[in-house]
Peer 1: 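Sending over a structure as structure tokens; questions will come in a sec.
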Number of protein chains: 2
Amino acid sequence: MEGFDCATDDPRCYCLLSDVLDLLGRKYVMDVVCVVAVHGTVRFGTLEDHIPEASTSTLSARLDALEAAGLLTREQYDEIPPRVEYELTDDGAELAERLEPVLEWAQKRATAES
Amino acid sequence: MEGFDCATDDPRCYCLLSDVLDLLGRKYVMDVVCVVAVHGTVRFGTLEDHIPEASTSTLSARLDALEAAGLLTREQYDEIPPRVEYELTDDGAELAERLEPVLEWAQKRATAES
DNA sequence: TTATTAAGCTGTGAAGTCCAAAGTAACGGA
DNA sequence: TCCGTTACTTTGGACTTCACAGCTTAATAA
């Protein structure tokens, strides 16, 4: 993203948005971060239970992307049946923390309209 | 989204996510909210300048969606050339406020990695 | 002995989303 | 008469996401 020279001096004008914001603006990314944050460590199946609208392939892709972005870690245990555990990194946890007011707001809205 | 009965009692477990979160997890939605928040009122062209990666059709679709969700208003002036101004509603402004720590974090990350 | 089960994926073709580029409308100025 | 202005729509093609099937491997069940 190149630097557009914004007219305002407002520091809230984040014209240079990072790749991470791109990632965040993808389906289910916030959901995944939230679920992992709440559970501490999560297995794939648990994520599927919490976010049933997401296909396994999409979920898998999101986990890969989040790992690549350094927001979560993947620990694989060589057992049968396989076991894999996901956990937020410190960076991911910080994001989750900052995401909380947004989710809170979304929930407030969801309950208000029903 | 149906109610999966989450194992944790953690109030941060927002298993019932609203349509608005679906909207937020779409490309450029956070960007648009942020730009409008900073400028107060914005015209279409300004948004294009700030978010050049988004096509006009996508931008237009996002504005429609945000208006439909009650997060921004559209004021059209019958002039030639046409003038249309977008502004956040109170609800939209509250979202923008809660989004700020997230954007701040994203920016911190963007500058750190370069 | 063969079938089933488990979890965490990957692969498939179809459906949906997003893109760049061109087109639309209407009027004033050259 | 044609150009510039603004805020879009339209188009056909590329990229994403979908639901669903299949894969793996070893312990158990029939």
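Convention: sequence-line order gives letters A, B, ...; per-chain numbering from 1.
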Peer 1: Is any side-chain heavy atom of B/Y86 closer than 4.5 Å to a side-chain heavy atom of B/L63?
Peer 2: yes
Peer 1: Measure the distance from CG on A/D78 to P on C/dA7 and round it to the nearest whole Å.
Peer 2: 17 Å
Peer 1: Name the residue from A/T56, A/D31, A/L59 that meets the side-chain contact (heavy atoms from CB on, under 4.5 Å) definition with A/L47.
Peer 2: A/L59
Peer 1: Who passes salt bridge (Lys or Arg N to Asp or Glu O under 4.0 Å) against B/R98, sequence neighbours left out?
Peer 2: A/E104, B/E94
Peer 1: Who pairs with B/E79 by salt bridge (Lys or Arg N to Asp or Glu O under 4.0 Å), at least two apart in sequence or on another chain?
Peer 2: B/R83
Peer 1: Just N and O in the side chain of B/R83: are any of them under 4.0 Å from OP1 or OP2 of D/dA7?
Peer 2: no
Peer 1: When you measure from the side chain of B/R74, which nucleotide among D/dA19, D/dA21, D/dC8 comes out closest?
Peer 2: D/dC8
Peer 1: Only pairs at least two apart or in different chains count here, so list each salt bridge (charged side-chain N to carboxylate O under 4.0 Å, His left out) that has a residue in residues 58-72 of chain B.
Peer 2: none
Peer 1: Could you tell me the separation between the OH atom of A/Y28 and the P atom of C/dT17, rounded to a whole number of Å?
Peer 2: 11 Å
Peer 1: What string of B, S and - do you get for nucleotides 23-30 of chain D, 5' to 3', when a contact is any protein heavy atom under 4.0 Å?
Peer 2: --BS----
Peer 1: Hey, does the side chain of A/R43 come within less than 4.0 Å of C/dG8's phosphate (OP1/OP2), counting only N and O?
Peer 2: yes
Peer 1: Any chance you could measure A/L66, atom CG, to A/L72, atom CG, to the nearest 0.5 Å?
Peer 2: 5.0 Å
Peer 1: Does the side chain of B/R26 get closer than 4.0 angstrom to OP1 or OP2 of D/dT16 through an N or O atom?
Peer 2: no
Peer 1: Taking atom C1' of C/dC18 as reference, at what distance in whole Å does atom CG of B/D31 sit?
Peer 2: 15 Å
Peer 1: Of A/T41, A/T46, A/V42, which is the lone residue that meets side-chain contact (heavy atoms from CB on, under 4.5 Å) with A/V36?
Peer 2: A/V42
Peer 1: Rounding to 10°, can you tell me the angle the first-five-pair axis of the helix from C/dT1-D/dA30 to C/dA30-D/dT1 makes with its last-five-pair axis?
Peer 2: 40°
Peer 1: Does B/Y86 put a side-chain nitrogen or oxygen below 4.0 Å from OP1 or OP2 of D/dC8?
Peer 2: yes
Peer 1: Is any side-chain heavy atom of A/E53 closer than 4.5 Å to a side-chain heavy atom of A/K27?
Peer 2: no
Peer 1: For a quick check of understanding: with a heavy-atom distance under 4.0 Å over all strands, which category does A/Y77 fall into, base, sugar-phosphate or nothing?
Peer 2: nothing
Peer 1: Can you check the A/E53 CD to C/dA15 C1' distance for me, whole Å?
Peer 2: 18 Å
Peer 1: Do A/L99 and A/M30 make a side-chain contact, defined as non-hydrogen atoms from C-beta onward lying under 4.5 Å apart?
Peer 2: yes
Peer 1: Could you tell me whether the side chain of B/T89 and the main chain of B/G70 form a donor-acceptor pair under 3.5 Å?
Peer 2: yes
Peer 1: To the nearest angstrom, how far is A/K27 atom NZ from C/dT17 atom P?
Peer 2: 7 Å
Peer 1: Of all the nucleotides listed (D/dT17, D/dC8, C/dC9), which has the minimum atom distance to the side chain of B/F44?
Peer 2: D/dC8
Peer 1: Taking side chain as C-beta onward, heavy atoms only, is B/R109 less than 4.5 Å from A/L71?
Peer 2: yes
Peer 1: Measure the distance from CG on A/D22 to C1' on D/dC15 and round it to the nearest whole Å.
Peer 2: 14 Å
Peer 1: Do the side chains of B/I51 and B/Y28 get nearer than 4.5 Å, heavy atoms only?
Peer 2: yes
Peer 1: Using a heavy-atom distance cut-off of less than 4.0 Å, which residues of residues 57-73 of chain A contact DNA chain C?
Peer 2: A/S57, A/S60
Peer 1: Which whole-number value in Å describes the distance from B/E48 CD to D/dT9 P?
Peer 2: 12 Å
